[in-house]
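First up is the structure itself, then whatever we jot down about it.
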Number of protein chains: 2
Amino acid sequence: MKLSWDDMRTVMCLVRGESLAGAAAELGLNYTTVARRIARAEASLGVALFDRLTDGYQPTEAGVLVANHAAKMEAQTDTLMRALQGRDATLRGPLTITAPQLLIAHVLTPVIDQFCMAYPDVDLHVRATNDLLDLNRREADLAIRISRDPGDSLKGLRLTAQQSASFATPALARAIADDPTRSVDWIVYADYMAVPKNVDPSYPNHRIRMTFDDMVAIRAAAQAGLGVARMPLFLGRASDGLVQVPILPPQPYPDIWVVAHRDVWAAAKVMAFREMLVPFMRGQRAQFIA
Amino acid sequence: MKLSWDDMRTVMCLVRGESLAGAAAELGLNYTTVARRIARAEASLGVALFDRLTDGYQPTEAGVLVANHAAKMEAQTDTLMRALQGRDATLRGPLTITAPQLLIAHVLTPVIDQFCMAYPDVDLHVRATNDLLDLNRREADLAIRISRDPGDSLKGLRLTAQQSASFATPALARAIADDPTRSVDWIVYADYMAVPKNVDPSYPNHRIRMTFDDMVAIRAAAQAGLGVARMPLFLGRASDGLVQVPILPPQPYPDIWVVAHRDVWAAAKVMAFREMLVPFMRGQRAQFIA
DNA sequence: GCAATTACACGCGTTTTCGCATGTCCGCGT
DNA sequence: ACGCGGACATGCGAAAACGCGTGTAATTGC
């Protein structure tokens, strides 16, 4: 009736991963090892933790119980790791940052490069994604986010305000300018199935031509001349083949923040990055507002 | 920067055990293994967790940090184990009970024997000690305690009230009866450096002859005729060579309880023991009160 | 209806981990 | 001063854990 802590973690990963292979991937192990550990855990507890079904391992009630407790232990290790990281005064070793794909591509590359040059002993991992990584679970140490506030349990600094506006190809822009009453084709976000508010009333006719769930795709569609897209000023200005059109005057858009968990906010590497990022972004403010 | 959960546990045990050997004993490992795990933990974290001094391993600030978080994880595993145990509906496997030394010796032996006969598949461990074992940390599953209430987070059932009284050898008892004014020598608890309250006023002269921190020793001294001792009725009555003396009339004494953690209270083995214990103790009540 | 895929069990050879024996350093008491 | 015991380091052989390859059953896709 004595269970290894690592075996508890394995049980948790198997419940979470829903298959030996999934758990093994999360643990960085071969799936046979996961199977063996589960067998050992069940033997030492004398309780079945999983039902072996044809399509995989299905946790029993007891298995879920173990997994839930292990999850709390994992939260504890996350807290510990953050605490250790927050104490770390060195400018060596790994640092993971995350930012929206397009912000990295069009704005942040220089400051990332500058940081790597200045601190060659830091091995910087950049996770360019639009998903919000969980800083509590240490998926990243520092995040640059577009949002209205830094969020709970996170510490943040507002880097700049920004605005959005409407963009299209020069040809389409000219056509609309020539005939403001023609119907304007919009390319919009999938979950925002409407023409943007506050469009200039000189352009009375609109329709939604297509929707995407990804800004890269929206921009590509706009660059292909398929319609007008609303996007942050920095993005439209940095995109070849697009010009700003006056249909939608510059609108408020969520601010850009740099955020980190409170525990790691003061870590040397996190501070060093921030101290390079903040003045850099201050110098770039003109890109973001009209 | 990835630390095995078992290594965290090892760090905690080393901080707690204060030497490789102490930690190894707690973990059931060889001390070399502990040393290796600590070295591995430090390597993977890149932080010194212990200072190697000539007289052993001294935890650094970071080591204490790790140990504190591991302690919280341990509490979590304890909770889990109790939960699993509470779900256990079998009457097989280990069951650990604890009770005061003298209560086992003079009262409980028959019911313990009865239980072992009735449930031969349960391997019962009895921890006869006056220390209060920590039921939260699963040092025992069920405890029989002499106290005024079951205590926080524990569930309990009052088995019987009891009283204390004064006991001495028959010779000493006669001598005092012959001359109530002679000075009565008392043998008392070390931390209770006073003659018991509520002594019969017919015996006006008292002095404390000696103190002990252990009831077995007090009884032995009384049996050797060194003086009068206050003890629970059941104990004095069951002790060869002692008779009750009327100096101290029967006094209230803390009740006897059976207690267990709430999580394991309803476990099959715990219930089975309780269901044997409760009627047994009911039958023994006359032993405990005048 | 048959190939491809997913998910797992099993056996074998390798790597890692572990326990034991030995050696060193140091403080302590005689 | 010298022996003794506690606490740790080190090297070696044994044991445990692991990864890989193969085999099987059920499901999916064409």
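All chains are named by letter (A, B, ...) in the order of the sequence lines, taking the proteins before the strands, and each is independently numbered beginning at 1.
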More than 12 heavy atoms from other groups under 6.0 Å of CD on B:E18: no
Pair B:D263, B:Q85: side-chain N/O donor-acceptor within cut-off below 3.5 Å: no
Pair A:T32-A:N30, side-chain donor/acceptor within less than 3.5 Å: yes
Test side chain to side chain contact (heavy atoms under 4.5 Å, CB included) applied to A:T129 and A:D131, A:V126, A:L132, the passing residue: A:D131
A:D213, CG: over 12 other non-hydrogen atoms inside 6.0 angstrom: no
Under 4.0 Å protein heavy-atom contact, by nucleotide of nucleotides 3-11 of chain D - B base, S sugar-phosphate only: ----SBBB-
Let me have the donor-acceptor pairs involving side chains of residues 89-99 of chain B, under 3.5 Å, with sequence neighbours excluded, atom names and distances please.
residue, atom, partner, partner atom, Å
B:T90, OG1, B:D88, OD1, 2.7
B:T90, OG1, B:D88, OD2, 3.4
B:T98, OG1, B:R127, O, 2.8

Atom pair distance, as rounded to whole Å: CG in A:D6 and C1' in D:dA16: 15 Å
Nucleotides bounding contact with chain B, strand DNA chain C, heavy-atom threshold 4.0 Å: C:dT17 to C:dC26
Non-hydrogen atoms of B:A229 and B:W186 that approach each other most closely: C-CZ3, 4.1 Å
Nearest-angstrom distance from the residue atom CG of B:L29 to C1' of D:dA15: 14 Å
Check ion pair B:D141-B:K269 (N to O, under 4.0 angstrom): no
